[in-house]
Amino acid sequence: MALGESKKKRVVSGMRPTGRLHIGHYFGALENWVRLQGDPEFECFYFIADWHALTSDYADTSAVAQNTIEIMTDYLAAGLAPGQGPGKSVIFQQSLVPEHAELHLLLSMVTPLGWLERVPTYKEALENVKDKDLHNYGFLGYPVLQCADITIYSSPEIAGLYVPVGEDQVSHVETSREIVRKFNFNFGEVVSVAKLATSDLRDRAVELYRRLFPSDPAPAKIGVAEAKKMEASMLLILGRSRSAGNVEMFDGQWAYFSNFVERSLLVEPEAMLTKTPRIPGTDGRKMSKSYGNAIMLSESNESIWEKVRPMKTDPARIRRTDKGNPDVCPVYDWHKLFSPKETLDWAAHGCRTAEIGCIDCKKKMVEHLVTWITPVRERRIEYEKHPARVLEMIDEGSKRARVEAQNTMQRVREAVFHWDKKRAEFKTVLDVHESHG
Ligand code: TRP
Ligand code: SF4
């Protein structure tokens, strides 16, 4: 990092390549991604989660490759700009950065099954999804892989890891935080000591710390081995019989002990919720391609009108002369995304007084929707003509992401196995032998 430069917050997010993206994806995520890309405070990593697509759809992988190209094309059309530096993002494909899988494996070692079985999206999917086989190790481990996707971009050079996601993904980020805490507890380096619950205990801990490390002003960096020893002595002095290594128990006790020492290796990620409320589909349900109620970013004008014309409105407006309530109408929700203030006022007033009909209202909304979507669609068409260039961008971005991922894996491997230290020991022994030989 150059002198005078401040640490950047790092943003990581991804989507599964399940097909073309629709306006629900745009307002639920992409709009926010593009905004963060333009903010100099952030450094953005966006990816295509093709491994995650396999967790539920391993039985038929025929569409994954094409969908990967489609989603990249949509990313570009939406305004994500591949590259490094201001206004650019590192855009890549998960499976082209195999370090994600290696970190996933190591994280899986410390992740209790119960944490995964309790993830709300897991329980819901098992109850509701009947046309897919979800009783697999991979599907249960979905949040562990997601945790690896995010935390592989941990670095001492950043000011935090942020994950812009919709509400449905918040539990995954929460699970990631718990996994990271446990992983750091086992393998991390101690950076600060004794943020204890009560000042009485804190004072005693600091006192002890000073005694054990007289030349080292707290907080300081010490190795895991010393920290464990120190922790044991502290527990003894403080009259606690329980080991701080009991990290399975996330009760009051654990929270207390976890604050005993702070270990750092991977960065605990934070969810950044998108502010746009969930946008309804043409039938008022959640917008989803599988419900047939979505407008794709590639949708033609004719097709947009065909979908909007029969759209559900306020059910109380049966006849043209019935007064309506825009607040319960999905068309009005869409107006809020695409129309200027005058049109919003016109629609709300016209609806409440029955001065306008729903068809007038929909036509006006579609006009503004088309104005919004036209440049996105044009960019999409341009990239669609050059799929080889799109693939090249994925490869370039993945190489860039891989540099970061490899750095992290190097640190993680050393923290887990200490091979560099071991090798250095052998070398010393060898040197001694040689010098005596
Ligand atoms: N689970 C996310 C989704 O279904 C996709 C995803 C995978 C992701 N890994 C991630 C999102 C890491 C954010 C960060 O949309
Ligand atoms: Fe909805 Fe517009 Fe019809 Fe009112 S007039 S119910 S806002 S479509």
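Here the structure is a predicted model, which is why all the values come from computation and not from measurement. By convention here, the first residue in the shown sequence is residue 1. Just so you know, ligand 1 is whichever comes first in the structure, and atom 1 is the first atom listed for that ligand.
- Distances under 2.8 Å from atom 3 (Fe) of ligand 2 pick out the protein N/O/S atoms C358 SG.
- Here E43 pairs with R10 under the side-chain hydrogen bond (donor to acceptor under 3.5 Å, both in side chains) rule; sequence neighbours left out.
- Inspection of the H368 and T343 side chains reveals an N or O donor paired with an N or O acceptor under 3.5 Å.
- For N325, the side-chain contact (heavy atoms from CB on, under 4.5 Å) criterion is met by D314, D327, V328, R352, not counting sequence neighbours.
- Donor-acceptor pairing under 3.5 Å is lacking for the side chains of D74 and Y26.
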Decide yes or no on ring-ring contact (aromatic ring centres under 6.0 Å, His included) for W51 and Y142, but give the supporting numbers first.
CA-CA 9 Å; W51 277 332; Y142 189 114; over 10 Å; no
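- Q37 and S89 form a side-chain donor-acceptor contact under 3.5 Å, judged by distance and modelled atom types alone.
- Residues Q94 and H52 have side chains that bring a donor and an acceptor to within less than 3.5 angstrom of each other.
- M287 and I295 make their closest contact through SD-N, 4.0 Å (heavy atoms, listed as atom of the first residue, atom of the second, distance).
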Quick one: ligand 1 N/O to protein N/O pairs below 3.5 Å?
residue  : atom  : partner : partner atom : Å
ligand 1 : 1 (N) : Y142    : OH           : 2.7
ligand 1 : 1 (N) : Q146    : OE1          : 3.1
ligand 1 : 1 (N) : Q169    : OE1          : 2.9
ligand 1 : 4 (O) : R16     : NE           : 3.2
ligand 1 : 4 (O) : Y142    : OH           : 3.1
ligand 1 : 4 (O) : Q169    : NE2          : 3.4
ligand 1 : 9 (N) : D149    : OD2          : 2.7

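- Checked against the 6.0 Å centroid criterion, the rings of Y46 and Y153 do not qualify as a close aromatic pair.
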